[in-house]
Structures are given as C-alpha cells and as structure tokens.
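Reminder, nothing fancy here: chain letters follow the sequence lines and each chain counts from 1.
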Amino acid sequence: MKLPDGKVLTVERGSTSADVAAMIGPRLAKAALAAVVDGQTVSLMEPLESSGDIRILTEKDAATLTVLRHSAAHILATAVRELRPGAGIGFGPAIDEGFYYDFEVEAPFTPDDLATFEAKMAEVAAADMPFGRRRVSNEEARGLFADDPLKLERLEEFDDAEVITVYQNGPFLDLCKGPHVPSTGRLKHFKLLSAAGAYWRGDHRRQMLQRIYGTAFHTKAELDEHLHRLEEAKRRDHRRLGRELDLFQFFPVSPGAAFWTPRGTILYNTLEQFVRERQREQFLEVKTPLLYTKQLWEQSGHWGKYRENMFLVLDNETGEHDMSLKPMNCPSHHLYYASATHSYRELPLRYVTLDVLHRNEASGALSGLTRVRQFAQDDCHVYLREDQIAAEVKFLMDFILGHYDAFGLSSSLKFATRPEQRIGSDETWDRAEGALREALEATGRAYEVVPGDGAFYGPKIDFHVTDSIGRHWQLGTIQLDYNAPERFDLEYVGEDNSPHRPVVIHRAVCGSFERFIAILIEHYAGAFPTWLAPEQVRVLPVSERWTASGAELVSQLTAAGVRAQLVDRETLPYRIREAETLKVPYMAIVGEREAAAGTVAVRQRGAGNKQDVIARDEFVARLVQEIRERAQG
RNA sequence: GCUGGCGUAGCUCAGCUGGUAGAGCAGCUGAUUUGUAAUCAGCAGGUCCGGGGUUCGAGUCCCCGCGCCAGCUCCA
C-alpha cells in the first residue's frame with residue numbers, strides 16, 4: 001500500500017485500513033476514523049482488496065464528518081429500535097448539516113420522544129460498540145432483513161454484480177454501503193433536532209415514514225457553534241422581524257399573500273425603484289394584463305403542464321373555469337413581441353414586467369415571504385438571435401451579479417438540465433443545453449451541474465446567493481427557451497430579408513421581490529443600510545421645549561429627500577430605546593446646546609452613546625450622500 | 001396536498017387532573033419636562049381560531065374545518 005508521503009507498506013492479504021493505521025503508529029491508529037483507498041472513502045474495518053494508494057483519515061479531515069454523521073444515523077436507529085422494537089427502518093444518510101433516519105412506526109414521534117432517543121443514543125455511544133462490516137449475497141441479505149419490508153424493497157434493486165454489505169453495531173443491523181467510524185464511542189457531540197413525516201423514497205404516492213433529524217460534530221465547540229447559528233437564524237427570521245419592525249402581515253383570508261404596511265411598502269418601493277433604475281437603459285418595461293383566457297395558456301403549454309399551479313377563474317358567460325390569473329409573464333411578452341415585425345437590428349430586445357403573479361402553491365408549502373401565492377418577479381424576456389446567446393448570457397450574468405453586489409450578497413451558479421416533465425423535442429433540448437453550457441463556459445465562472453432541474457421549456461442557470469450567516473438562497477435565473485418561439489411563431493427579419501426564429505431567454509434577478517426582501521431582512525438582521533431603511537432618521541428633542549427646533553430639522557431632512565420623523569413623546573431614554581428596537585439608522589437629538597448652535601447630536605444605530613455633534617447642514621449633506629451612494633452601512 | 005405540532009388581549013406568554021380568564025409590553029388618561037436602550041400612577045382591551053359534540057358545567061376532553069410552524073412533495 002502506498003502512503004501519501006510516497007512510502008510503501010507491505011501488508012498481509014486480508015488486512016484492513018485499521019491494520020495499516022496501526023503499522024504507521026499507535027497515535028494514528030487511535031485517531032483514525034476512516035480511510036481513503038484509491039480515491040474511495042472506506043471504513044477502517046473494510047478489507048483491502050488489492051494494493052493501491054491509502055490515506056488514513058482523522059477528525060481533521062472534513063470527509064470524516066460525513067462518516068461520523070452517517071454512523072450517528074445508525075446509532076439513532078439503534079436507539080429507536082431499542083425503545084420501539086417494532087419500528088421499520090428506511091434510509092438514514094448523512095446530509096449537509098447533519099443526518100436523518102426514516103422509520104415506519106404506528107404512532108408518530110413526539111418532541112418528548114426525541115429527548116428519550118437522544119439519551120438512549122448516548123448510552124449506545126458510551127457502550128462503544130464496534131461497527132462490523134460484512135459482505136453478503138442478496139439471498140443472505142433477504143434472510144437478514146426478512147422482517148424489514150423497506151429493506152427488502154431496496155434489495156430488489158441490486159443487480160447481481162453489485163456488492164451488498166451490511167453493517168452491525170451491537171444489536172442493530174443495517175443494509176448499508178458505509179463507510180462508518182470504527183465504533184459507536186466515536187460519537188460524542190450530537191443533538192436530535194426535529195421529527196417530521198417524509199414520504200418513503202420521496203414519492204408522495206407512497207406511505208409516509210417518520211423522519212428524525214439530528215446533527216453531530218467532532219467537537220463540542222463545533223456543535224455549540226452550529227446550535228448557536230440555528231438560534232441566530234431564528235433571531236433573524238424575516239417573519240419575526242417583519243412583525244417587530246412592522247413591515248408586513250399575513251391574514252388567514254389570503255393565505256400566501258403579503259399585506260405590506262406603510263414601512264414595508266417603503267422598503268418594497270425602494271427596492272423596486274432600484275431595480276427600475278438599473279434596468280432603465282437596456283431593458284423595456286411593459287405592463288400586461290393579469291387575467292387571460294385559456295387559449296393563451298394552451299398555446300404556451302402552461303395549460304397542460306402547469307394548470308394545477310394556476311388560479312383558474314370562472315367565466316360567467318361560458319360557466320367554465322377557462323380563464324386564469326397569470327403565473328408567469330412569458331406568454332404576454334411573447335404575444336407582444338409577435339404583434340409586430342422585428343428586424344434583426346433590434347435584437348436583443350428585452351421586455352421586463354414587474355407585475356404581480358399568482359401561483360396556487362400547495363397549502364403546506366407556504367412559508368412567510370419566501371413561499372407565497374402572490375408575488376412579483378423582476379421578470380424579463382430577451383428575444384435574440386442564436387449567435388447572440390453567449391454575449392447575452394454574459395451581459396445578463398454581469399447584470400445579475402452586480403445587483404447582488406449592491407447588497408453584499410455573494411453567489412454561486414447552478415446549471416440545470418432537462419427535467420422529466422417537459423415540452424419540446426430532444427433535438428431542441430440538445431441544442432439549448434449545448435448553447436447555454438457554451439455561454440456559461442465562456443464566462444469562465446465556476447458552476448455546478450444539476451441534472452433534471454431545468455424549467456419545463458428549457459435549461460437554466462440558477463444563481464444561489466449566500467447571506468451574512470452563510471445560508472444559501474436560490475434567486476436569479478437565466479433560462480434558455482427554444483420552445484416558446486415555436487409555439488408563438490416568433491420571427492425576426494434577417495439580413496437576408498427572410499424570416500428567422502429568435503431564441504428567448506427568461507431572466508429574473510431578485511427571483512421575486514417578496515423572497516428577495518425576506519432575504520434582505522435576514523441578511524441585514526433588520527438593520528437595513530440607510531438607503532433601504534423605511535425610516536432613515538428619527539429626530540428626538542430632549543424635551544418638549546425643543547420640539548419646534550426638531551420639527552425644523554425634520555423639514556430640512558424631508559426637503560432633502562430623507563425619510564425623517566419627529567418623536568417627542570415620553571422620555572429621551574425611552575425614545576432612544578424605541579428607535580434602536582426599530583433599527584432606525586440615525587437618531588438626531590436636539591436640545592438646548594444644539595438648538596443654540598445650529599447643530600445636532602447624531603447617534604448611530606447600534607453604536608451606543610458615541611454621539612457625533614455636527615452642524616445640521618453637514619448632517620443633511622452626509623445623509624444625502626450616503627443614500628445616493630447606497631452605502632452598505 | 002401529506003405527517004406531526006401549535007392557535008388565549010395589538011405583541012410575548014401564564015392558566016394544575018373540566019368550575020365561564022391573568023401578567024408584562026404596546027394603547028388610552030393623568031402627573032412628570034426629562035441629555036443617550038424602558039419615569040410613575042390609573043384606565044381600557046379577550047366571539048380563549050371557527051363550527052359541532054360530550055358534560056350540570058369546556059380555554060381545558062372528542063370530532064370536523066381554517067390558519068401558522070417543522071418537514072415531505074413542489075418551487076421564485
């Protein structure tokens with residue numbers, strides 16, 4: 001076996017990675033959690049099949065966290081089986097932030113059960129049961145899992161050539177390809193987080209299992225930090241801040257549709273204004289109807305593929321639900337494009353609509369502002385020649401990334417290819433995927449491929465942004481569409497004076513204003529930079545004697561376009577606390593000294609009582625500049 | 001849509017095994033005129049999510065809806 005430093009160790013046939021670790025040294029043997037053999041992460045107890053490269057992994061290697069979590073899932077299942085002997089077992093993998101295990105049980109788990117399971121897991125870990133690995137034949141496996149129908153179903157899918165392995169720790173046996181840590185004692189820092197139903201194999205037509213989520217780390221510090229991050233996310237939750245900062249509400253009479261308060265409306269309009277300003281030069285904004293007959297949706301393909309997500313409207317004359325609120329803007333843009341003859345010289349032609357859209361989302365899918373039934377996209381459709389795709393994709397990409405930059409959001413790219421449910425021929429898809437991939441490659445940016453995740457009409461590039469606490473959100477998108485031009489018979493007149501088919505690109509930057517605002521709220525934890533803040537300055541006279549002086553300052557600020565408000569009730573400390581709670585960026589305090597000198601004592605949000613006494617004119621000028629520059633604050 | 005949990009004053013939450021509701025904040029009124037994160041006092045606020053049922057009696061127990069939350073499915 002060849003070690004990472006180039007040394008070659010000769011071991012007996014049938015040796016394991018654990019043996020290799022022991023030969024290297026006792027310290028490593030003790031710290032070892034798994035190994036990488038010929039590029040494959042394997043369990044230490046796995047026999048080495050042939051000579052090759054080997055590297056022993058300890059908790060310092062990131063890959064072992066996944067192994068630990070996978071083992072934690074088995075330890076959870078061990079505990080559950082111990083306490084609920086009849087529980088059927090589904091799958092139990094490691095996931096991004098932890099692990100889960102699915103169980104088939106009579107009665108769903110309660111929050112109290114989680115605590116009990118967690119305690120039992122600690123016992124299983126303390127018992128330090130070794131994880132044993134064994135290769136079995138399919139027939140033997142069927143015998144071992146005779147009482148586990150879910151495992152038997154999985155076994156049916158193996159073909160004869162595949163290696164089937166089982167792992168056992170103490171009483172618990174699972175069909176599993178591993179790898180696992182050497183023994184249950186390696187699990188020290190873990191926590192069970194939640195329980196919820198999950199369809200067997202993710203199929204909503206199959207039975208629902210009960211899934212338990214948990215997380216595990218190598219060290220207590222990492223676990224604590226993770227739990228702390230979950231708390232922090234809760235603290236920033238836009239639904240909570242939306243209420244506390246008085247930005248929006250929901251009413252049961254309109255599930256999934258936000259009601260924007262005066263403060264929230266300012267935020268919304270400010271964002272919209274920003275979007276309009278950026279796209280003023282290179283895009284053409286159009287307003288289109290909200291309601292259409294099904295004829296349009298039949299032509300676009302939505303009637304067939306998207307109807308269950310559309311709000312259908314009764315037409316009194318026909319007595320049928322053959323009208324619909326628009327769930328997307330594309331068809332209306334196509335309709336408009338097709339209404340005139342276009343020259344190749346006009347292309348690319350970019351239509352944008354910021355209208356409200358309606359999608360009838362499953363009731364259980366609704367969540368705050370991030371999953372709603374009524375929302376507005378900054379929705380653009382570009383009509384262009386095929387030879388313009390690469391340049392256009394680059395242009396749109398820069399445009400989108402520039403938008404995220406303005407908010408300090410970093411992003412990554414995903415390339416999504418044809419889904420199962422789709423329209424258009426395979427040849428068209430080949431062409432679209434090829435063209436989009438080529439354009440993407442040409443930008444030189446890194447991207448991840450997500451097969452089968454494309455829109456039903458074409459492949460897409462999705463933009464995922466990372467917020468200030470490291471969470472990912474899918475926002476913008478660039479989708480290539482060769483189908484719509486066919487369906488809507490779109491044309492342009494080429495240099496050769498004959499008609500040609502344009503290509504369509506669907507583009508959104510914010511995704512939806514609703515979701516984007518939710519992300520901004522959480523990203524800034526409600527402390528918006530001044531240009532976005534619903535209330536930018538709160539003017540606080542020290543006592544009622546200085547109200548007039550404060551009112552004068554408010555007029556001055558308002559005249560300069562700054563959103564300012566005078567608050568003169570209650571005591572000064574009370575009002576300062578109130579303004580801090582509402583996360584108003586600036587407090588302008590006016591008392592005897594300031595009134596006399598024509599100055600203002602400026603207290604900045606979150607800066608404590610480090611105030612800054614400056615001339616009023618200067619204060620106004622500074623604010624105007626900060627707002628104009630859209631400073632990050 | 002599915003599984004589970006939750007739903008008490010504008011907000012955050014008490015309310016034991018059934019005996020027709022309570023606090024803090026917010027609101028209103030008054031006193032105080034205040035210099036950097038809550039001045040004091042008083043008052044007013046509730047179809048206990050909605051509808052059925054069990055019971056002498058239901059916020060509390062049962063059933064059916066609705067909404068929200070955690071997930072699943074789906075997705076901007």
Handout entry: Validation row, ring centre A:Tyr383 to ring centre A:His334 under 6.0 Å
Key = yes

Exercise for the section: Return the nucleotide paired to B:A37: Watson-Crick means purine N1 to pyrimidine N3 with N6-O4 or O6-N4, wobble means G-U with N1-O2 and O6-N3, both under 3.5 Å. Expected result: none

Practice task
Look at all strands and tell whether A:Glu578 reaches a base, only sugar-phosphate, or nothing, counting heavy atoms closer than 4.0 Å.
Solution key: nothing

Handout entry: A:Ser194 side chain near B:G71 phosphate (N/O to OP1/OP2, under 4.0 Å)
Key = no

Practice task
Take A:Ser367 and A:Gly364, find for each the nucleotide of RNA chain B with the closest heavy atom, and name the residue whose nucleotide sits nearer the 5' end.
Solution key: A:Gly364

Practice task
Output the single nucleotide from B:G35, B:C11, B:U3 whose closest atom is nearest the side chain of A:Pro108.
Solution key: B:U3

Problem - Proximity to the side chain of A:Glu570 - top-ranked nucleotide from B:G1, B:U39, B:A37 - result: B:U39

Exercise for the section: Between B:U12 and B:G52, how far apart are the P atoms? Round to whole Å, please. Expected result: 28 Å

Practice task
Answer with yes or no whether the side chains of A:Glu522 and A:Trp473 bring together a donor and an acceptor at under 3.5 Å.
Solution key: no

Problem - B:A21 to B:C63 separation - C1' atoms, rounded to the nearest Å - result: 25 Å

Practice task
Using a 4.0 Å heavy-atom cut-off across all strands, classify A:Gly606 as base, sugar-phosphate, or nothing.
Solution key: nothing

Practice task
Classify the nucleic acid contact of A:Glu544 as base, sugar-phosphate or nothing, counting any heavy atom under 4.0 Å across all strands shown.
Solution key: base

Practice task
Specify whether A:Phe399 and A:Phe283 have parallel, tilted or perpendicular ring planes, treating 30° as the upper limit for parallel and 60° as the lower limit for perpendicular.
Solution key: tilted

Practice task
Give A:Val372 one of three labels, base, sugar-phosphate or nothing, depending on what nucleic acid heavy atoms sit under 4.0 Å from its own.
Solution key: base

Problem - Pairwise P distance for B:C25 and B:C64, with rounding to whole Å - result: 41 Å

Practice task
Establish, with yes or no, whether the OP1 or OP2 oxygen of B:G35 is under 4.0 angstrom from a side-chain nitrogen or oxygen of A:Arg545.
Solution key: no

Exercise for the section: May I ask you to check whether A:His464 and A:His472 place their ring centres under 6.0 Å from each other? Expected result: no

Exercise for the section: Mind checking A:Glu594 for me? I need base, sugar-phosphate or nothing, with any heavy atom below 4.0 Å counting as a touch. Expected result: base

Exercise for the section: Looking at every strand, decide which applies to A:Gly197 at a 4.0 Å heavy-atom threshold: base, sugar-phosphate, or nothing. Expected result: base

Exercise for the section: Look at all strands and tell whether A:Arg515 reaches a base, only sugar-phosphate, or nothing, counting heavy atoms closer than 4.0 Å. Expected result: base

Handout entry: A:Tyr199 side-chain proximity, nearest of B:G35, B:G4, B:C72
Key = B:C72

Practice task
Please tell me which of the listed nucleotides, B:A76, B:U39, B:C68, lies nearest to the side chain of A:Leu366?
Solution key: B:C68

Exercise for the section: May I ask which nucleotide in the shown strands pairs with B:G59, Watson-Crick or G-U wobble, both distances under 3.5 Å? Expected result: none

Fill in the blank from the handout: Across every strand shown, the nucleotide meeting Watson-Crick or G-U wobble geometry with B:C28 (both distances under 3.5 Å) is B:G42

Handout entry: 5'-most by nearest nucleotide on RNA chain B - A:Glu361 or A:Gln210
Key = A:Gln210

Practice task
Determine the contact category for A:Arg243: base if any of its heavy atoms lies under 4.0 Å from a base atom, sugar-phosphate if only primed atoms, P, OP1 or OP2 are that close, otherwise nothing.
Solution key: sugar-phosphate

Exercise for the section: Using a 4.0 Å heavy-atom cut-off across all strands, classify A:Ala365 as base, sugar-phosphate, or nothing. Expected result: base

Practice task
Let me know the distance between CG of A:Asp113 and P of B:G5, rounded to the nearest Å.
Solution key: 11 Å

Exercise for the section: State which of B:U73, B:A37, B:A76 makes the closest approach to the side chain of A:Arg603. Expected result: B:A37

Problem - Span that lies between the P atom of B:G7 and that of B:A14, in whole angstrom - result: 9 Å

Handout entry: Side chain of A:Arg239 - closest among B:C69, B:A76, B:C72
Key = B:C69

Exercise for the section: Sticking with atom C1', work out how far B:C2 lies from B:U60, rounded to a whole angstrom. Expected result: 29 Å

Handout entry: Distance below 4.0 Å between A:Arg593 side-chain N/O and B:G35 OP1 or OP2
Key = no

Exercise for the section: Report which part of the nucleic acid A:Gly202 touches: base, sugar-phosphate, or nothing (heavy-atom distance under 4.0 Å, all strands). Expected result: sugar-phosphate

Practice task
Between B:C75, B:U3, B:A38, spot the one nearest the side chain of A:Met208, thanks.
Solution key: B:U3

Exercise for the section: Please tell me which of the listed nucleotides, B:C72, B:A70, B:U34, lies nearest to the side chain of A:Tyr213? Expected result: B:C72

Handout entry: Minimum-distance nucleotide (side-chain atoms of A:Pro255 versus B:C11, B:G1, B:C68)
Key = B:C68

Practice task
Report yes if the ring of A:Tyr574 lies under 5.5 Å from the six-membered base ring of B:A37 with planes under 30°, and no otherwise.
Solution key: no

Practice task
Can you figure out which of B:U73, B:U34, B:A37 approaches the side chain of A:Ile576 most closely?
Solution key: B:A37

Exercise for the section: Taking only the side-chain nitrogens and oxygens of A:Arg569, find out if one of them lies under 4.0 Å from OP1 or OP2 of B:G27. Expected result: yes

Practice task
Compute the centroid of each ring, for A:Phe103 and then for A:Phe117, and state whether the two points are separated by less than 6.0 Å.
Solution key: no

Fill in the blank from the handout: Scanning both residues in full, the closest heavy-atom pair of A:Leu540 with A:Val567 reads CD2-O, 3.7 Å

Practice task
Find the distance A:Glu514:CD to B:C75:C1' and express it as a whole number of Å.
Solution key: 15 Å

Exercise for the section: Establish, from distance only, whether the side-chain atoms of A:Gln536 and A:Thr530 form a donor-acceptor pair under 3.5 Å. Expected result: no

Exercise for the section: Could you tell me whether A:Phe375 and A:Phe513 have their ring centroids closer than 6.0 angstrom? Expected result: no

Exercise for the section: Can you tell me the distance, in whole Å, between the CG atom of A:Leu245 and the P atom of B:C11? Expected result: 16 Å

Handout entry: A:Arg201 side-chain N/O to B:U73 phosphate OP1/OP2 under 4.0 Å
Key = no

Handout entry: Interatomic distance at C1', B:U20 relative to B:G59, whole Å
Key = 9 Å

Handout entry: A:Arg69/A:Glu97 salt bridge by N-O under 4.0 Å criterion
Key = no

Exercise for the section: Pick base, sugar-phosphate or nothing for A:Leu475, based on heavy-atom distances below 4.0 Å to the nucleic acid. Expected result: sugar-phosphate

Exercise for the section: With heavy atoms under 4.0 Å as the rule, sort A:Lys234 into base, sugar-phosphate or nothing. Expected result: nothing

Practice task
Name the nucleic acid region contacted by A:Ala601, choosing base, sugar-phosphate or nothing; use a 4.0 angstrom heavy-atom cut-off, strictly under.
Solution key: base

Completion exercise
Any strand, both distances under 3.5 Å, Watson-Crick or G-U wobble: B:C6 pairs with B:G67

Exercise for the section: Would you check if the distance from the ring center of A:Phe407 to the ring center of A:Phe516 is below 6.0 Å? Expected result: yes

Problem - N/O donor-acceptor pair, side chain A:Arg371 with base B:C75, under 3.5 angstrom - result: yes

Problem - Nearest-angstrom distance from the residue atom CZ of A:Phe103 to P of B:C72 - result: 16 Å

Exercise for the section: Specify the glycosidic conformation (syn or anti) of B:G45, with syn defined as within 90° of 0. Expected result: syn

